[in-house]
Engineer: 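Submitted below is the structure of interest, expressed as structure tokens.
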Amino acid sequence: MATRRIGRSTVRFAAPPVIVSAGTVAGPMESRGPMARWFDEVVPDDMFGERSAEKAERRFMGDAVKIALTQAAVQPEQVDYFIAGDLLNQVITASFTAEDLGMPFIGVYGACSTSAQSLTVASALVDAGFADLALAATSSHYQTAERQFRYPIELNIQRKSTSQYTATGAGAVLVGRSGGKVKITEATVGRVIDMGTKDPNQMGPAMAPAAAETIFSHLADTGRDPGFYDVIITGDLGSVGSQILLELMQRRGVPLGDNYADGGVMLFQGVRGTGVGGSGCACSALIMDGFVWKRMCEGEIRRALIVATGALLSPLSWQQGESVPCIANAVTLQV
Amino acid sequence: MEGSSLDYVIAFLVGGAICAVGQAVLDLTRISPAHMLVLFVVVGAVLSGFGVYDRLVDFAGAGALVPVSGFGHSIARGSLLEARRLGVIGLFTGAFEFTGLGVATAVFFSALIALVANPRA
Amino acid sequence: MASPGAKKQKADDRAKYQKLASSIVPRPQLARNIAVAFVVGGLICALGQAVMNAFIASGMTGDEATAPTLATMILIGVVLTGLSVYHHIGEFAGAGAAVPITGFANTVAAAAMDFKREGYILGMGAKMFIIAGPVLVYGILAGVTVALIKWLSRG
């Protein structure tokens with residue numbers, strides 16, 4: 001009998017694990033946005049002085065991990081699991097970082113929902129007594145994502161009215177039994193939802209139904225209404241996708257109020273050349289591990305629902321004419 | 001073509017119009033830029049076959065040749081002229097009669113530039 | 001697996017959702033985009049005309065000037081790509097930058113610069129034509145076919 005399950009998709013941790021520390025590293029575009037002051041490190045050169053963008057992305061993740069460990073004064077040997085993922089094939093950023101760290105490694109993939117996904121796994125391991133300390137990390141990089149999913153960087157391409165901009169950066173969260181103010185109390189693991197969106201320039205509209213499904217399930221499973229939360233933040237729907245989400249929730253009879261915001265919109269508000277908002281694993285990670293966690297430590301936010309959204313497509317699948325399967329993973333953070 | 005200033009105006013208008021059609025295709029359909037370019041090069045070759053593109057080139061010069069549809073026309077035209085001169089072999093060597101120089105230029109200088117320049121976000 | 005009824009339901013749900021989404025997704029700025037593509041594409045072609053006139057002035061016929069004109073425009077496109085300028089023109093002008101042959105050159109140079117990180121043979125060498133390849137392939141297929149038909153029909 002699974003004693004921690006409440007409802008179809010949600011678990012409630014018996015002894016809620018806490019966020020011991022968190023580290024965020026952001027690139028140059030991200031540092032021009034309104035969230036900049038919540039990041040631990042801002043790197044003006046998105047190449048990090050490296051020869052390839054893939055190497056640079058590893059530096060972002062490596063630094064985020066280092067910051068989290070340093071803050072908590074924890075040595076790598078004390079961490080039981082490193083749970084990480086990114087957008088690149090075979091999650092190479094996570095695996096190569098894991099090799100550097102030498103911790104037992106669980107590679108995860110949830111596209112841009114990886115921040116909440118990895119935090120869920122880390123929390124479950126700690127809560128169930130498999131670990132005292134687990135480290136969850138994720139990253140994305142504009143250049144590596146463009147190269148893998150779209151086109152060469154210097155190619156002449158005009159952004160569409162729904163295009164988003166992949167965030168460059170990384171976030172790492174150290175989860176433990178004690179020693180932190182912010183608790184991870186519930187986690188809702190999403191189902192894969194595909195509502196038939198085929199246009200790779202429409203990730204927000206593709207992911208909105210998955211976000212709606214997960215928020216709806218979460219509220220149903222926990223018996224809460226949206227007003228329970230100080231903030232409900234989706235990962236990276238962008239302005240178009242979040243508008244669709246609001247409409248979907250309205251139609252399902254659970255309208256979201258002023259406490260709703262989207263991470264992609266928050267990250268790049270007022271930053272030129274970023275389309276309808278940010279995307280990528282780093283988008284929700286920077287918002288959750290930077291802004292939300294720090295505001296919660298200050299006591300300004302007491303209850304947060306983070307709904308990280310991910311588009312589970314590959315260049316292969318859309319070239320073969322498939323629509324975009326999407327997922328949203330949610331975690332409840334409480335002070 | 002005499003090199004009068006009218007040349008430039010006509011090249012601007014015709015070339016611009018072809019690009020405007022391309023933009024309309026990009027914005028009004030869901031096809032990718034790569035598909036649009038393929039469409040244009042094929043349309044250029046087909047119009048060349050009907051003799052339409054030759055007349056457009058006579059009228060607009062670079063305005064018709066510089067857009068990628070002109071690339072398709074140049075392949076078709078080169079192929080036809082050489083076929084008439086050399087037979088079947090010309091049909092194929094002629095494909096590069098007007099375009100071979102450009103393709104080789106693209107390869108050579110792209111490789112050269114890649115040696116010294118890096119992509120910047 | 002899903003029953004036929006469930007499949008139909010799913011298809012209906014998808015169609016309904018796509019209708020909702022497209023009612024919210026903003027339309028492209030068609031007038032602005034087309035106007036900019038027209039002006040920028042037109043300017044590039046006018047530049048091409050200047051190049052062509054120069055070759056003609058040096059004593060070439062129009063046919064003779066075609067190849068060097070295209071090659072010169074391609075060189076310009078490659079250099080502007082190397083200077084990281086051309087993708088800005090593309091972001092601004094869309095098809096106005098993509099349709100002229102300078103855009104073709106950009107696709108080759110951009111791929112070369114980008115993929116060299118995977119090595120000069122399997123990266124740059126193999127992937128240089130990753131975008132421009134289809135243009136060459138279908139240009140040659142269509143051009144040769146058209147020429148063949150015309151040649152056979154009139155000799």
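Convention: sequence-line order gives letters A, B, ...; per-chain numbering from 1.
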Engineer: Under a 4.5 Å cut-off applied to non-hydrogen side-chain atoms, are B:M36 and C:V99 in contact?
Structural biologist: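 Heavy-atom side-chain distance check passes, below 4.5 Å.
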Engineer: Counting C-beta onward and ignoring hydrogens, is there a side-chain heavy-atom pair between B:N118 and C:K116 closer than 4.5 Å?
Structural biologist: yes
Engineer: Grab the two heavy atoms, one from C:F38 and one from B:A20, that are nearest each other, plus how far apart they are.
Structural biologist: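 Scanning both residues completely, I find the closest heavy atoms to be CB-CB, 4.1 Å.
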Engineer: Got a sec, which residues hit side-chain contact (heavy atoms from CB on, under 4.5 Å) with C:A105, two or more places apart in sequence or on another chain?
Structural biologist: C:I74, C:V78
Engineer: Is chain B contacted by the side chain of C:A50, its backbone, both, or neither, given a heavy-atom distance below 4.5 Å?
Structural biologist: both
Engineer: Would you name the heavy atoms of C:L70 and B:S74 that are closest together and state the gap between them?
Structural biologist: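 Looking at all heavy atoms of both residues, the shortest contact is CD1-OG, 4.2 Å.
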Engineer: Heavy atoms only, distances under 4.5 angstrom: which of B:V21, B:V25, B:L115 has the most pairs with chain C? Name it, please.
Structural biologist: B:L115
Engineer: What I'd like to find out is whether the side chain of C:H87 reaches to under 4.5 Å of the side chain of B:P119, using heavy atoms alone.
Structural biologist: no
Engineer: Taking side chain as C-beta onward, heavy atoms only, is B:L26 less than 4.5 Å from C:N33?
Structural biologist: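 No, too far: nothing below the 4.5 Å cut-off.
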Engineer: Over all heavy atoms of both residues, which pair between C:G96 and B:C19 is shortest? Give the atoms and the distance, please.
Structural biologist: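 Result for this residue pair: CA-CB, 3.9 Å.
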Engineer: With chain B as the partner, which of C:G82, C:A71, C:A35, C:A110 has the greatest number of non-hydrogen pairs under 4.5 Å?
Structural biologist: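 Result: the option with the highest number of such pairs is C:A71.
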Engineer: Quick one, C:N53 with B:D7, criterion side-chain contact (heavy atoms from CB on, under 4.5 Å). Give me CA distance, side-chain angles, the key distance, then yes/no.
Structural biologist: CA-CA 9 Å; C:N53 285 350; B:D7 284 0; 3.6 Å; yes
Engineer: Please tabulate, one pair per line, all N/O donor-acceptor pairs under 3.5 Å involving side-chain atoms of residues 118-136 of chain C, not counting sequence neighbours.
Structural biologist:
from, atom 1, to, atom 2, distance (Å)
C:E118, OE1, A:R147, NH2, 2.6
C:E118, OE2, A:R147, NH1, 3.2
C:E118, OE2, A:R147, NH2, 3.4

Engineer: Please identify, among C:I140, C:D63, C:V36, C:V40, the residue contributing the most non-hydrogen atom pairs under 4.5 Å to chain B.
Structural biologist: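 Highest number of heavy-atom pairs under 4.5 Å: C:D63.
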Engineer: Relative to chain C, which of B:T105, B:L28, B:D27 shows the most heavy atom pairs under 4.5 Å?
Structural biologist: B:D27
Engineer: Return the CH2 to CG distance between C:W151 and B:L81, rounded to the nearest 0.5 Å.
Structural biologist: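 Going from CH2 on C:W151 over to CG on B:L81, the span is 13.0 Å.
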Engineer: What pair of heavy atoms forms the shortest contact from B:S110 to C:A112, and how long is it?
Structural biologist: O-CB, 3.8 Å
Engineer: Less than 4.5 Å apart, any side-chain heavy atom of C:M52 and any of B:V66?
Structural biologist: no
Engineer: C:A93 and B:Q23: which non-hydrogen atoms are nearest, and at how many Å?
Structural biologist: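 Looking at all heavy atoms of both residues, the shortest contact is O-OE1, 3.6 Å.
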Engineer: Could you tell me which of B:P33, B:G72, B:A111 has the largest number of non-hydrogen atom pairs under 4.5 Å with chain C?
Structural biologist: B:A111
Engineer: Quick one: which of C:A67, C:G77, C:G41, C:A65 has the most heavy-atom pairs under 4.5 Å with chain B, could you say?
Structural biologist: C:A67
Engineer: Only pairs under 3.5 Å count here: list side-chain donor-acceptor contacts from residues 89-102 of chain B, not counting sequence neighbours, and write none if there are none.
Structural biologist:
from, atom 1, to, atom 2, distance (Å)
B:T93, OG1, B:I89, O, 3.3
B:T99, OG1, B:A95, O, 2.8

Engineer: Which value, rounded to the nearest 0.5 Å, describes the distance between C:K150 atom NZ and B:R84 atom CZ?
Structural biologist: 6.5 Å
Engineer: Measuring heavy-atom distances to chain C, does B:V9 have an atom under 4.5 Å in its side chain, in its backbone, in both, or in neither?
Structural biologist: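 B:V9 has no heavy atom closer than 4.5 Å to chain C.
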Engineer: Quick check on the structure: residues of residues 20-32 of chain C within a heavy-atom distance below 4.5 Å of chain B, by number.
Structural biologist: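 Under the 4.5 Å heavy-atom cut-off, C:P28, C:L30 qualify.
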Engineer: Could you tell me whether C:Y138 atom OH has more than 12 heavy atoms of other residues or ligands within 6.0 Å of it?
Structural biologist: no
Engineer: If you tally heavy-atom pairs under 4.5 Å against chain B, which of C:T107, C:T69, C:L43 wins?
Structural biologist: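 Ranked by heavy-atom pairs under 4.5 Å with chain B, first place is C:L43.
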Engineer: Got C:T81 and B:I113 here, is their nearest side-chain heavy-atom distance under 4.5 Å?
Structural biologist: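 In short, these two side chains do not touch, never coming nearer than 4.5 Å.
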Engineer: Let me know if C:I149 has heavy atoms under 4.5 Å from chain B in its side chain, its backbone, both or neither.
Structural biologist: neither
Engineer: Nearest 0.5 Å, please: how far is OH in B:Y8 from CG in C:L47?
Structural biologist: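 Result: 9.5 Å between the selected atoms.
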Engineer: Shortest non-hydrogen contact from B:A62 to C:G48?
Structural biologist: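 Closest heavy-atom pair between B:A62 and C:G48: CB-C, 3.4 Å.
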Engineer: Among B:I18, B:I10, B:L39, B:V88, which has the most heavy-atom pairs under 4.5 Å with chain C?
Structural biologist: B:V88
Engineer: Just wondering, do B:F71 and C:I101 contact through their side chains at under 4.5 Å, heavy atoms?
Structural biologist: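 A side-chain contact exists here, since the closest heavy-atom pair is under 4.5 Å.
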